[in-house]
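Along the sequence shown, the residues carry numbers beginning at 1.
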Amino acid sequence: MPHHAKLAVTVGKIIFDLPLFRSSDPETSRQVNPMRVGSHRAILLAIYADATLGLTDEEASTRAMAQGHEIRGYWKRCSDLRTAGLIQDLGIRRELSTGSQGIVCCITQLGLDTFRGLS
């Protein structure tokens, strides 16, 4: 098995190879699963698609919970979305419930295209 598996995402005629896991991750993390309708990643992507001013991971989780979706490990799913280029850091920070600062992300064009493909 290669050191890092890659996800090839085709946008127009450009293919982006994105690592899906770290070499230290367990074998189950190396198993590639496409984003499915109703998956935690898809739910969070829809939340980001609705957010006009961007969201922290925690804010996205709170909105998902308000819609009846409890996403344990939401920070990992949001990290997956960032790694895949579906959401991006806006370069601003907001205070989290812990008092620390969290990055604020917004959906990218690739994220919008992916979201529309899931809808």
Hey, are the side chains of Arg94 and Leu53 touching, using non-hydrogen atoms and a 4.5 Å cut-off? yes

Return the minimal non-hydrogen interatomic distance between Cys106 and Leu90, and the atom names on each side. SG-CD2, 3.3 Å

If we only count heavy atoms from C-beta on, is the Thr114 to Leu45 side-chain gap below 4.5 Å? yes

Joint cluster assignment, Met65 & Leu44, ILVMFWY side-chain distance < 4.5 Å: no

Interatomic distance, NZ@Lys76 vs NE2@His40, rounded to 0.5 Å, equals 14.5 Å

What distance do Cys78 atom SG and Arg41 atom CZ have between them, rounded to the nearest 0.5 Å? 11.5 Å

Backbone N or O of Ser79 within a donor-acceptor pair of the Thr83 side chain at under 3.5 Å? yes

For Arg82, is there any backbone N or O sitting under 3.5 Å from a side-chain donor or acceptor partner on Gln88? no

Are the side chains of Glu58 and Trp75 in contact, using a 4.5 Å heavy-atom criterion? no

Can you tell me how far apart OH (Tyr74) and CD (Glu59) are? Round to the nearest 0.5 Å. 10.0 Å

Quick check against the 3.5 Å criterion: does Ser61 have a side-chain atom that pairs as donor or acceptor with the backbone of Asp57? no

Is Leu55 linked to Ile92 within one hydrophobic cluster, defined over Ile, Leu, Val, Met, Phe, Trp and Tyr using a side-chain heavy-atom separation of less than 4.5 Å? no

Hey, does Arg93 have a side-chain heavy atom less than 4.5 Å from the side chain of Ile103? yes

Locate the shortest heavy-atom distance separating Ala64 from Ile43; write the atom from each residue and the value. CB-CG2, 4.2 Å

To the nearest 0.5 Å, what is the distance between OG1 (Thr62) and CD1 (Ile47)? 10.0 Å

What I'd like to find out is whether the side chain of Leu96 reaches to under 4.5 Å of the side chain of Thr56, using heavy atoms alone. yes

As an exercise, state the distance from CG of Leu110 to CG of Leu81, rounded to the nearest 0.5 Å. 10.5 Å

